[in-house]
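For reference, the structure discussed in these notes is given below.
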Amino acid sequence: MKVLSVTSECAPLVKTGGLADVAGALPGALAPLGVEMRTLLPGYPKVMAAAGKAKAVWQDADLFGGPARLLAARAHGLDLLILDAPHLYDRAGGPYTDAGGADWPDNPERFAALSWVAAEIAGGALTGWQPDILHAHDWQAGLAPWYLRDRHPGSSARSILTIHNIAFQGKAGVGRLPALRLKPEGMTQEGFEFWGDISALKAGLVAADRITTVSPTYADELLTPEFGMGMDGLLRARQHDLSGILNGVDLDAWTPPYKTPAGKRRYKAQLRRAMDLPQADGPLCVVVSRLTHQKGLDLLLAALPRLIDEGGQLALLGSGDPALERAFLDAAAHPDVATRIGYDEDLAHLLIRGGDAILVPSRFEPCGLTQLYGLLNGTVPLVAHTGGLADTVIDASPAALRMGVATGLQLHPISADALSRAFDRLTALYRQPDLWLRMQKNAMRAPVGWDQSAADYKALYDGLILS
Ligand code: ADP
Ligand code: GLC
């Protein structure tokens, strides 16, 4: 079975968040099941550097305003199709923003071009390789199922759109219809029109044969106005085509170098040194996160005094919203709080290995990966009861503790008060070494790999091909 995965980021080549981890891990997870997955990625400078002497397998003299080629390359065990289009992707900065953090004004066109080429490939543009399935990720690939249906209605390829985060909807003003090569007839409620704008995400949600998201609970939440962000009506109408498949962890990247919680000790000491934290009686809590409203870290700021009063500590690595960055830097005036602003893969690993607990108080969380890394590393997750966080952590309720099955703590409702109370529970558990050790061991045994989810994707692909 041949699958084309279409994504705007892919670890380890280019990453801003969990989408990259998932796109980078899926091909390896699916290969043993007989799925040949190729990943279509924009040719950002870093990706082009990894391409080496790749061979051009397709070209176009005018792809959304300039010449473009597709390069077939292997890198990091991935089978890549790199869209080399310098006018769109050869820029300093991030995949979506300039060096100052401002969105590229032509993002709609940049990712429409990616989606266009995906549809061409699914329509048979490459000699000798046509996918059975076009698997698009998030709004950046949302137009791919649309272009496929519109331009290649006879193609045998079926399409799937995976929602990693419905907050990002790929909106563009109606004036951009020609630039995005979209016909005005699509500008309706049944099409890609969304509150007067074009939405690339909605185009995909309408046109894809199936829709998935990254956890069963988020799949349910998406059907409600509270979480659906305006797309809930459409998703309710397509409820039977929507399913939630949990993300897995790339075990090669995140399995700790120890087999029991005792092995964490030296990493905790190393973490204390790296972050200048003194010894303390309470749990050393860690956060590795984008600093955005989604992640609920303002709630953590409000509840932080309680953690500190109880002898706990905080080590945070993150970047994003300047106000949150500043607030965490200010909080680090306290000796038991350490903040590092930036993006640092090695430090992220050290935090997740060396911490006692990992905090993920998100307001919404489609899946969340850092709590899974925490589980695998015996770093007890304290998470909000939402989305994939709810699906992956077993709360230390009295019953779960009695049965010996707890793997972490869940926060409900998602508020600063509830987080303060959760810190009471966390520190109380930490002070009962037998219970704490049991939780750590349970966490380390929790199934966080790709096995089940890869089988679920394979079953979805199989079902679609037969339909
Ligand atoms: P999201 O995709 O919403 O950001 P996830 O939990 O799914 O959330 O994935 C976040 C990924 O990004 C994880 O791999 C996490 O380790 C990584 N990450 C987030 N912030 C940083 C940072 N400042 N430095 C290093 N890695 C980070
Ligand atoms: C998104 C979500 C996160 C999820 C990730 C990968 O960025 O915010 O919850 O884990 O995608 O699917």
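In each ligand, atom 1 is the first atom listed, and ligand 1 is the first ligand listed. Note that the numbering runs from 1 along the sequence shown for the chain.
Closest to atom 2 (O) of ligand 1 among all protein heavy atoms lies G18 N, 2.6 Å. Looking only at heavy atoms of the protein, atom 3 (C) of ligand 2 is closest to E365 OE2, 3.3 Å. Remark: minimum distance from atom 15 (C) of ligand 1 to any protein heavy atom is reached at T370 CG2, 3.7 Å. Given atom 2 (C) of ligand 2, the protein heavy atom at minimum distance is H164 O, 3.2 Å. In this structure, the protein non-hydrogen atom closest to atom 20 (N) of ligand 1 is S289 C, 3.5 Å. The closest protein non-hydrogen atom to atom 27 (C) of ligand 1 is Y343 CE1, 3.4 Å. Nearest non-hydrogen protein atom to atom 4 (C) of ligand 2 is G368 N, 3.7 Å.
Taking the ring axis of Y267 as reference, the NZ or CZ atom of R353 stays within 45° of it and closer than 6.0 Å to the ring centre.
Judged by the shortest distance from any of its heavy atoms, G342 lies inside the 4.0 Å radius around the atoms of ligand 1. The shell of residues lying under 4.0 angstrom from ligand 1, judged by heavy atoms, excludes C367. Assignment of K15 to the shell around ligand 1 is supported, since a heavy atom sits closer than 4.0 Å.
Residue N247 touches ligand 2 through its side chain alone, judged by heavy-atom distances below 4.0 Å. Neither the backbone nor the side chain of P366 has a heavy atom within less than 4.0 Å of ligand 1. Contacts with ligand 2 closer than 4.0 Å are made by backbone heavy atoms (N, CA, C, O) of L19 only, the side chain lying farther away. Contacts of D344 with ligand 1, taken as heavy-atom pairs under 4.0 Å, involve the backbone alone.
If you number the atoms of ligand 2 from 1 as listed, the ones under 4.0 Å from a heavy atom of N165 come out as 8 (O). Applying the 4.0 Å criterion to heavy atoms of G318 picks out, from ligand 1, the atoms 23 (N). Close approach of ligand 1 to L369 is summarised as follows: ligand atoms under 4.0 Å from at least one heavy atom of the residue are 5 (P), 6 (O), 7 (O), 9 (O). Using a 4.0 Å cut-off to heavy atoms of G18, the atoms of ligand 2 that qualify are 5 (C), 6 (C). Those atoms of ligand 2 with a heavy atom of V214 less than 4.0 angstrom away are 12 (O). Within ligand 2, counting atoms from 1 as listed, the ones closer than 4.0 Å to a heavy atom of Q294 are 8 (O). Ligand-side atoms of ligand 1 in range of R290: 1 (P), 3 (O), 4 (O), 20 (N), range being under 4.0 angstrom from any heavy atom. Those atoms of ligand 1 with a heavy atom of D21 less than 4.0 angstrom away are 11 (C), 13 (C), 14 (O).
Between the side chains of D197 and Q169, no donor-acceptor pair is found at a separation under 3.5 Å. A donor atom on one side chain and an acceptor atom on the other are found under 3.5 Å apart for T212 and T162. A donor-acceptor contact closer than 3.5 angstrom links the side chains of Q313 and R272.
The ring pair (Phe, Tyr, Trp, His ring centres under 6.0 Å) test with W139 is passed by exactly one of F168, F111, F192: F111. Only one option out of V6, L134, L201, D138 pairs with L161 in a side-chain contact (heavy atoms from CB on, under 4.5 Å); it is L201.
Checking side-chain atoms of E9 against main-chain N and O of T16 turns up a donor-acceptor pair under 3.5 Å.
By the 3.5 Å distance cut-off applied to N or O atoms, K295 is not counted among the residues near ligand 2. Taking distance alone, with nitrogen or oxygen atoms compared against 3.5 Å, C367 approaches ligand 2 more closely than that limit.
Ring-plane geometry between H135 and Y457 is classed as tilted, the angle between the planes lying from 30 to 60 degrees on a 0 to 90 degree scale. Ring pair W116/F64 is perpendicular by interplanar angle, where above 60° counts as perpendicular and below 30° as parallel. Taking the six-membered ring where the residue is Trp, Y430 and W436 present perpendicular rings, their angle passing 60° and hence far from 30°.
Smallest separation of non-hydrogen atoms from L33 and K458: O-CE, 3.1 Å.
Rounding to the nearest 0.5 Å places CD of E226 at 12.0 Å from CZ of R363.
One finds a salt bridge joining D232 and R236 here, because a Lys/Arg side-chain nitrogen approaches an Asp/Glu carboxylate oxygen to under 4.0 Å. Salt-bridge annotation for D241 and R210: present, with a side-chain N of the basic residue lying under 4.0 Å from a carboxylate O of the acidic one. With respect to the salt-bridge test (charged N to carboxylate O, under 4.0 angstrom), the residues D98 and R91 do not qualify.
Nearest to atom 1 (P) of ligand 1 by heavy atom, out of Q371, E9, K295, is K295.
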